[in-house]
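Starting from 1, each residue takes its place in the sequence as its number.
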Amino acid sequence: MAKLVFGMNQSLDGYVDHQEFAPGPALFRHFIEQVRGLTGSVYGRRMYEVMRYWDEDHPEWTPEERDFAAAWRCQPKWVVSRSLKSVGPNATLVEDDFEAVIRGLKAQLVGEIDVSGPDLARSLTDLGFIDEYRLYLHPVVLGRGKPFFAGPRPPLRLVTSDLIGEDVIRLTYVPT
């Protein structure tokens, strides 16, 4: 059975915003390895549109960015959206009955499936589908934005904490 994991970079005050802060070199290498090990990813529309950046090579990329793009491109993706009409390579559009699709992925696949996007994570949390939450805390305060938890925080138990690089702490929680 696959495990659904919701993890994102987060400010100290609980907000996620990819434009306000980016991973440093150590955390970026961590994400490359994490993506390489995934069974696949489930995206909400907004996060998928952000991640589509990795579909095409850019001449200014570093070797690490090329490694991330290669890992991201080869993993299967499921995109939950009622408004998109098509998705890119190696992606499947999930327009209807996403609950049945996600339940099927969990039952049929083995390994980790990444969940991307706070709104999608909220829906999957409400259904009891998220098996693990990974908060990558950065030493910044935004004061506004999209919160990591788009709804009431479920009861959680801390299972690990790790320092990644010089200043990011990954907190790993499971539902109680």
Side-chain angles (χ1 to χ4, degrees), residues 1-48 50-51 68 71-72 75-81 94 98-176:
M1 177 176 264
K3 176 168 79 169
L4 284 182
V5 177
F6 173 51
M8 290 189 77
N9 292 309
Q10 175 183 312
S11 66
L12 289 175
D13 55 345
Y15 297 108
V16 297
D17 188 334
H18 71 281
Q19 295 179 337
E20 293 292 333
F21 54 91
L27 183 57
F28 196 71
R29 283 190 301 277
H30 167 83
F31 286 141
I32 293 168
E33 293 308 312
Q34 178 189 341
V35 169
R36 282 183 181 145
L38 290 174
T39 296
S41 293
V42 178
Y43 287 94
R45 179 192 54 83
R46 283 185 289 271
M47 275 307 299
Y48 179 68
V50 167
M51 294 302 290
F68 182 86
W72 187 80
Q75 75 170 222
K77 299 163 205 61
W78 296 271
V79 183
V80 177
S81 173
V94 179
F98 84 96
E99 181 178 347
V101 171
I102 302 303
R103 190 181 311 279
L105 292 174
K106 281 186 67 117
Q108 296 163 13
L109 300 175
V110 175
E112 261 184 32
I113 299 174
D114 187 53
V115 173
S116 292
D119 293 327
L120 175 61
R122 177 185 181 170
S123 296
L124 295 174
T125 294
D126 290 346
L127 294 168
F129 285 176
I130 303 285
D131 299 296
E132 191 170 288
Y133 298 83
R134 294 182 188 152
L135 290 71
Y136 292 86
L137 291 176
H138 290 253
V140 297
V141 175
L142 297 179
R144 60 172 170 44
K146 185 75 152 175
F148 181 91
F149 290 102
R153 184 179 58 82
L156 301 173
R157 177 176 55 84
L158 179 68
V159 291
T160 61
S161 62
D162 306 289
L163 180 64
I164 301 175
E166 295 178 3
D167 60 359
V168 174
I169 297 174
R170 177 182 62 187
L171 301 172
T172 304
Y173 291 91
V174 295
T176 57

ask   = Do Asp131 side-chain atoms and Leu4 backbone N/O form a donor-acceptor pair below 3.5 Å?
value =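 Checked: pair present.
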request  = Kindly say whether Gly143 contributes a backbone atom to a donor-acceptor pair with the side chain of Asp13 at under 3.5 angstrom?
outcome  =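 Pair found, side chain donor or acceptor close to backbone of Gly143.
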In Å, rounded to the nearest 0.5 Å, how long is the span from [atom1] of [X] to [atom2] of [Y]?
X	Y	atom1	atom2	value
Leu137	Ile164	CG	CD1	10.5 Å
Ile102	Ile113	CD1	CD1	7.0 Å
Tyr173	Ser161	OH	OG	8.5 Å
Arg134	Met8	CZ	CE	14.0 Å
Arg122	Ile130	CZ	CD1	13.0 Å
Ser116	Arg46	OG	CZ	13.0 Å

ask   = Checking side chain to side chain contact (heavy atoms under 4.5 Å, CB included) for the pair Val42/Phe98: CA distance, chi angles, key distance, verdict?
value = CA-CA 10 Å; Val42 178; Phe98 84 96; over 6 Å; no
task = Apply side chain to side chain contact (heavy atoms under 4.5 Å, CB included) to the pair Leu120 and Tyr48, showing each step before the final yes or no.
result = CA-CA 11 Å; Leu120 175 61; Tyr48 179 68; over 6 Å; no
Can [X] and [Y] be counted as an ion pair, charged N to O under 4.0 angstrom?
X	Y	answer
Lys146	Asp119	yes
Arg144	Glu20	yes
Arg29	Glu33	no

task = Using distance alone, with no hydrogens and no angle criterion, decide if Glu132 and Thr172 have a side-chain donor and acceptor under 3.5 Å apart.
result =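 Their side chains do not contain a donor-acceptor pair, so the 3.5 Å distance test is not met.
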request  = Assess whether side chain to side chain contact (heavy atoms under 4.5 Å, CB included) is satisfied between Arg153 and Phe148, documenting all intermediate values.
outcome  = CA-CA 9 Å; Arg153 184 179 58 82; Phe148 181 91; over 6 Å; no
Any [X] side-chain heavy atom under 4.5 Å of [Y] side chain:
X	Y	answer
Asp114	Gln75	no
Met51	Lys77	no
Gln10	Pro147	no
Tyr133	Leu156	yes

key: Residues Leu27, His138; criterion side chain to side chain contact (heavy atoms under 4.5 Å, CB included); working and verdict   = CA-CA 11 Å; Leu27 183 57; His138 290 253; 3.6 Å; yes
query = Where do Trp78 and Gly40 come nearest, in terms of heavy atoms and distance?
reply =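 Nearest pair, atom of Trp78 first, then Gly40: CZ3-CA, 3.9 Å.
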query = How close do Pro118 and Phe6 get, heavy atom to heavy atom, and via which atoms?
reply =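 So the two residues come closest at CA-CZ, 3.9 Å.
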task = Examine Phe68 together with Phe31 and report whether their ring centres are nearer than 6.0 Å.
result =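 Distance test on ring centres: not under 6.0 Å, no.
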key: Option passing side chain to side chain contact (heavy atoms under 4.5 Å, CB included) with Tyr136 (candidates Leu171, Asn9, Ile169)   =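 Checked Leu171, Asn9, Ile169 against Tyr136; only one passes side chain to side chain contact (heavy atoms under 4.5 Å, CB included): Asn9.
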ask   = Under 30°, 30 to 60°, or over 60°: which ring-plane class applies to Trp72 and Tyr43, parallel, tilted or perpendicular?
value =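 Correct class here is perpendicular.
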